[in-house]
2 protein chains.
Amino acid sequence: MDGLGLLRCICDETRFGILEELGGGEKTVGQIVQKIKRDQPLVSHHLRTLKECGIVSSRNSGRNVMYSISSRHLSDLIEQIRKTSHEMNDVCCVR
Amino acid sequence: MDGLGLLRCICDETRFGILEELGGGEKTVGQIVQKIKRDQPLVSHHLRTLKECGIVSSRNSGRNVMYSISSRHLSDLIEQIRKTSHEMNDVCCVR
DNA sequence: TTGTCATATAAATTATAATTTATATAAACT
DNA sequence: AGTTTATATAAATTATAATTTATATGACAA
């Protein structure tokens, strides 16, 4: 993958929210839905996208599906994005 | 700024291209236009966005305007995005 | 002071992606 | 087997952003 591809995949509000949740460890779809307060089909849809891009992995556990960030490098990157952005005073003009 | 704001601002193809060019040091608008092969008004438009978000800075030099990445943290981040993405085998499904 | 080069701006258009709504699947419990 | 719970999928809608086209500004040189 290239840099732009990775960015494109994580720069959506719902997807970034999911990744921030998964930064705290693996979670079920239902747990993510509760945390980020978005509709279940929407969360499932974005989890699928993240998975197809190799950013998250999943495993079945009974009737639940547990999702997690697929590599340490990726969770470190999410963290660095958070840090770098907080060091900036500006408000981003892009919405 | 927050993580999502920063991502939103850099996840566009043209803007990411500009930032990759500026990673090599400050450049004029014309130099960027040549390098990334996009129309001048388009490049100016995106440079403005990047500047308003505090991601690039500019200074005048005669009739040229020189742009550069506004902090070391940011250029490091661009580099880490590049690295992390290259470690992934997947092709991103988001376009 | 006129012409040219470099850059910027604004409006119109086009492209792209997110969300909602409705429904399907699949596992576990009764 | 039938019901409930958890998750997934697909189509339709809506929202958002990128690009193009046309034009303006501002600095410098002739």
Side-chain angles (χ1 to χ4, degrees), chain A residues 1-22 26-68 91-95, chain B residues 1-22 26-68 91-95:
Chain A
M1 193 188 297
D2 64 359
L4 182 63
L6 174 55
L7 281 179
R8 276 237 168 97
C9 198
I10 66 180
C11 76
D12 169 73
E13 178 168 16
T14 304
R15 287 198 292 271
F16 193 68
I18 290 172
L19 292 173
E20 286 189 313
E21 284 309 320
L22 294 182
E26 69 171 5
K27 292 198 168 47
T28 68
V29 179
Q31 290 174 318
I32 299 168
V33 167
Q34 280 203 323
K35 282 281 191 178
I36 72 173
K37 297 187 178 71
R38 282 192 168 48
D39 294 337
Q40 177 271 314
L42 181 62
V43 171
S44 276
H45 172 251
H46 285 297
L47 280 169
R48 185 193 189 185
T49 301
L50 287 167
K51 190 176 176 184
E52 284 178 356
C53 293
I55 292 171
V56 305
S57 321
S58 67
R59 68 180 180 85
N60 289 45
S61 165
R63 40 179 154 184
N64 289 334
V65 181
M66 313 281 315
Y67 281 90
S68 55
V91 172
C92 189
C93 55
V94 181
R95 41 201 65 96
Chain B
M1 193 188 294
D2 64 359
L4 181 62
L6 175 54
L7 282 178
R8 276 236 167 98
C9 199
I10 67 180
C11 76
D12 168 73
E13 178 168 16
T14 304
R15 286 198 291 271
F16 193 66
I18 289 172
L19 292 172
E20 287 189 313
E21 284 307 321
L22 294 183
E26 69 171 4
K27 290 199 170 46
T28 69
V29 179
Q31 289 175 319
I32 298 168
V33 166
Q34 280 203 324
K35 282 283 194 178
I36 72 173
K37 297 187 178 70
R38 284 195 167 50
D39 293 338
Q40 177 270 314
L42 181 61
V43 171
S44 275
H45 172 251
H46 285 298
L47 280 170
R48 184 193 189 185
T49 300
L50 289 168
K51 191 176 175 184
E52 283 179 354
C53 294
I55 292 171
V56 304
S57 322
S58 67
R59 68 180 179 86
N60 289 46
S61 164
R63 36 180 157 185
N64 289 332
V65 180
M66 313 281 317
Y67 281 91
S68 55
V91 172
C92 187
C93 56
V94 181
R95 38 202 65 98

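The structure displayed is predicted, hence computed values, not measured ones. Numbered from 1 within each chain, the chains take letters A, B, ... in sequence-line order.
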| field | Which residue lies more 5' along DNA chain D, comparing B:E13 with A:V65 via nearest heavy atoms | value | A:V65
| query | Given side chains that start at C-beta, do those of A:V65 and A:L47 come closer than 4.5 Å, heavy atoms only? | reply | no
| said: Taking 4.0 Å as the cut-off, does a side-chain nitrogen or oxygen of A:T14 come that near to OP1 or OP2 on C:dT19? | reply: yes
| said: What is the distance, to the nearest angstrom, from the NE2 atom on B:H45 to the P atom on D:dT16? | reply: 16 Å
| query | With respect to the phosphate group of D:dT7, does any side-chain polar atom (N or O) of A:R63 fall under 4.0 Å of OP1 or OP2? | reply | no
| query | Whole Å only: how far is the CG atom of B:D12 from the P atom of C:dA15? | reply | 16 Å
| query | Under 4.0 angstrom, heavy atoms only, what part of the nucleic acid is B:H46 near: base, sugar-phosphate, or nothing? | reply | sugar-phosphate
| said: Are the side chains of A:V56 and A:L19 in contact, using a 4.5 Å heavy-atom criterion? | reply: yes
| A:S61 vs A:L42, nearer the 5' end of DNA chain C by closest nucleotide | A:L42
| note | Atom CZ of B:R15 and atom C1' of C:dT16 are separated, to the nearest Å, by 14 Å
| said: From OH of A:Y67 over to C1' of D:dA8, roughly how many Å is that when rounded to an integer? | reply: 8 Å
| Hey, is the main chain of B:E21 close enough, under 3.5 Å, to the side chain of B:K27 for a donor-acceptor pair? | yes
| said: Can you pull out the residues from residues 32-40 of chain A that lie within a 4.0 Å heavy-atom distance of DNA chain D? | reply: A:Q40
| query | Name the one of B:H46, B:H45, B:E52 that satisfies side chain to side chain donor-acceptor pair (under 3.5 Å) with B:R48? | reply | B:E52
| task | Whole angstrom is fine here: how far is it from CD in A:Q31 over to P in D:dT5? | result | 17 Å
| said: Distance check needed: D:dT7 P versus A:L47 CG, whole Å only. | reply: 10 Å
| Is any side-chain heavy atom of A:L6 less than 4.5 Å from a side-chain heavy atom of B:C92? | no
| query | Does C:dA6 have OP1 or OP2 sitting under 4.0 Å from an N or O in the side chain of B:T28? | reply | no
| field | D:dT7 OP1/OP2 closer than 4.0 Å to side-chain N/O of A:N64 | value | yes
| field | Euclidean distance, atom CG of residue A:N60 to atom P of C:dA26 [Å, nearest integer] | value | 12 Å
| field | Whole angstrom value for the distance that separates P of C:dT7 from CD of B:E26 | value | 12 Å
| Would you say B:R15's side chain and B:C9's backbone share a donor-acceptor pair under 3.5 angstrom? | yes
| message | For A:N64, is there any backbone N or O sitting under 3.5 Å from a side-chain donor or acceptor partner on A:S61? | response | no
